[in-house]
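Below you'll find the structure, written out as structure tokens, and then a few comments.
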Amino acid sequence: MTHLQTGLSPETIEKARLELNENPDVLHQDIQQVRDMIITRPDIGFLRTDDAFILRFLRARKFHQTDAFRLLAQYFQYRQLNLDMFKNFKADDPGIKRALIDGFPGVLEKRDHYGRKILLLFAANWDQSRNSFTDILRAILLSLEVLIEDQELQINGFVLIVDWSNFSFKQASKLTPSILKLAIEGLQDSFPARFGGVHFVNQPWYIHALYTLIKPFLKDKTRKRIFLHGNNLNSLHQLIHPECLPSEFGGMLPPYDMGTWARTLLGPDYSDENEYTHTSYNAMHVKHSSSNLERGCSPKHMTRSQSVVEPGTLKHEELGESENTQLLLALD
């Protein structure tokens, strides 16, 4: 084991070997080969190229060096092309702070039975007079920057649950193709995280229509990991066990406290009622701050349904042309 794997459990190191092709004997050579490719892209400012930083891109692309470099280049290119998004890219930026306080994103302390971090989005909480979609996206990206410092999460990855309960057609009309494309580019194409699944629950018909709109921007691998559960929480529980979920998702944990993750980023004196200024995280060089007491869900305490849903097999009802047309008019 090299110093770059310090802190990882033997089980996680073995998982990285089996699933990601990570070999400690040639880890430094793999990193250097990615670093050597930087000269091929003089148009991009690579602001960080240390070993630990490059390693997360290799892990995100299963140590395919060319793919890892492409992701590294896209990471910095996305930031160059969207400079306004990354100005004052800190938790105490007013826009980011409002989004965090409103629960964008939610982050559960417990991990799932695969060791993945569970992120939550309660879509109906989006007050469009208070938070722009861009600030919500910035808060999500900042949160991922903080979380990805944890090497366990670089290997185990993340899952995202989006609850569309009470999300109105008026709110949906603000999700234009351009801003959805911006989000997809930032999360799918330009960030070194492994997403094991994106789960939609309680989605109305117009969210199905939105999903149809964004499908062309999704990679096949991504599409296979998007699950549209509707109000069928049993199918969700087959993939993320109830022991890991709050009661809003039929889980055994207490209801999610929307301020949990905001307090983690803003500091111990954070108050839901008062604006709070704090020396916040610099997302480019942040240290992971999650509690060392965080524990994953133990598989020995879990039961699974006999009918396991395979990725990509959950289906939803077809939409009529008139419904799609209405949504397209609203998005225009």
Side-chain angles (χ1 to χ4, degrees), residues 9 11-12 15 19 100 102-126 140 143-144 147-148 150 152-167 187 193-204 207-208 211 222-264 290-317:
S9 67
E11 294 79 12
T12 304
K15 181 177 183 178
E19 295 185 12
L100 291 170
D102 289 355
F104 295 106
V107 181
L108 296 184
E109 291 187 11
K110 276 193 173 182
R111 306 181 187 195
D112 76 357
H113 56 294
Y114 293 117
R116 301 176 299 193
K117 200 70 168 173
I118 302 172
L119 276 62
L120 308 175
L121 292 176
F122 294 91
N125 287 357
W126 181 21
I140 293 169
S143 298
L144 287 171
L147 292 166
I148 204 65
D150 185 335
E152 295 273 343
L153 294 180
Q154 293 174 20
I155 294 166
N156 293 326
F158 302 84
V159 289
L160 173 64
I161 305 175
V162 186
D163 184 358
W164 297 99
S165 300
N166 302 314
F167 188 71
L187 295 168
R194 304 183 69 207
F195 280 97
V198 177
H199 301 269
F200 287 4
V201 298
N202 301 313
Q203 71 276 5
I207 297 305
H208 286 295
Y211 179 60
T222 302
R223 283 197 290 268
K224 291 177 181 178
R225 292 179 179 175
I226 294 177
F227 304 91
L228 307 177
H229 298 283
N231 59 6
N232 181 9
L233 293 180
N234 287 331
S235 67
L236 174 68
H237 296 162
Q238 290 171 16
L239 300 173
I240 306 177
H241 297 164
E243 289 85 350
C244 303
L245 294 172
S247 59
E248 294 94 327
F249 302 102
M252 298 181 181
L253 301 179
Y256 181 70
D257 175 358
M258 291 296 174
T260 299
W261 183 240
R263 283 191 290 271
T264 300
S290 294
S291 169
N292 290 330
L293 299 177
E294 179 186 68
R295 300 174 66 184
C297 298
S298 172
K300 67 181 179 181
H301 297 303
M302 298 179 181
T303 58
R304 290 181 65 87
S305 167
Q306 293 182 359
S307 176
V308 177
V309 179
E310 295 295 330
T313 61
L314 292 179
K315 297 181 179 180
H316 56 80
E317 63 273 17

Leu108 vs Pro246 side-chain heavy atoms within contact, under 4.5 Å: yes

Separation of Leu239 CG from Asp112 CG (nearest 0.5 Å): 10.0 Å

Inter-residue atom distance Arg194.CZ - Ile148.CD1, 0.5 Å rounding: 10.0 Å

Parallel, tilted or perpendicular, as decided by the 30° and 60° cut-offs, for the rings of Phe227 and His229: parallel

Worked verdict on Glu19 versus Ile155 for side-chain contact (heavy atoms from CB on, under 4.5 Å): CA-CA 9 Å; Glu19 295 185 12; Ile155 294 166; over 6 Å; no

Whether His241 and His113 hold their rings parallel, tilted or perpendicular, with breakpoints at 30° and 60°: parallel

Nearest non-hydrogen partners of Tyr211 and Leu228, listed with the distance: CD2-CD1, 4.0 Å

Approximate separation, where rounding is to 0.5 Å, of Asn166 CG and Phe122 CZ: 12.0 Å

Heavy-atom closest contact (Pro105 atom, Leu100 atom, distance): CD-CD2, 4.2 Å

Rounded distance [0.5 Å steps], CG in Asn125 versus CG in Leu120: 11.0 Å

Any residue meeting ring pair (Phe, Tyr, Trp, His ring centres under 6.0 Å) with Phe104, in chain and number order, not counting sequence neighbours: none

Contact check, side chains of Phe158 and Leu144, non-hydrogen atoms, under 4.5 Å: yes

By side chain to side chain donor-acceptor pair (under 3.5 Å) - contacts of Asn156 (at least two apart): Lys15

Val162 and Ile207: CA distance, side-chain angles, deciding distance, side-chain contact (heavy atoms from CB on, under 4.5 Å) verdict: CA-CA 11 Å; Val162 186; Ile207 297 305; over 6 Å; no

Shortest non-hydrogen separation from Met258 to Asp102 and the atoms involved: SD-O, 4.4 Å

Partner set under side chain to side chain donor-acceptor pair (under 3.5 Å) for Thr12, not counting sequence neighbours: Ser9, Glu152

Inter-residue atom distance Ile118.CD1 - Ile240.CD1, 0.5 Å rounding: 5.5 Å

Result block: side-chain N/O donor-acceptor pairs under 3.5 angstrom for residues 247-256, not counting sequence neighbours:
unit_1: Glu248; atom_1: OE1; unit_2: Tyr256; atom_2: N; d: 3.2
unit_1: Glu248; atom_1: OE2; unit_2: Tyr256; atom_2: N; d: 2.9
unit_1: Tyr256; atom_1: OH; unit_2: Val107; atom_2: N; d: 2.9

Distance-minimising heavy-atom pair for Ser143 and Trp261: OG-NE1, 2.7 Å

Spatial distance of atom CD1 (Ile140) from atom CG (Leu119) [nearest 0.5 Å]: 8.0 Å

Non-hydrogen atoms of Leu147 and Leu153 that approach each other most closely: O-CD1, 3.5 Å

Nearest heavy atoms of Leu245 and Ile161, plus distance in Å: CD2-CD1, 3.6 Å

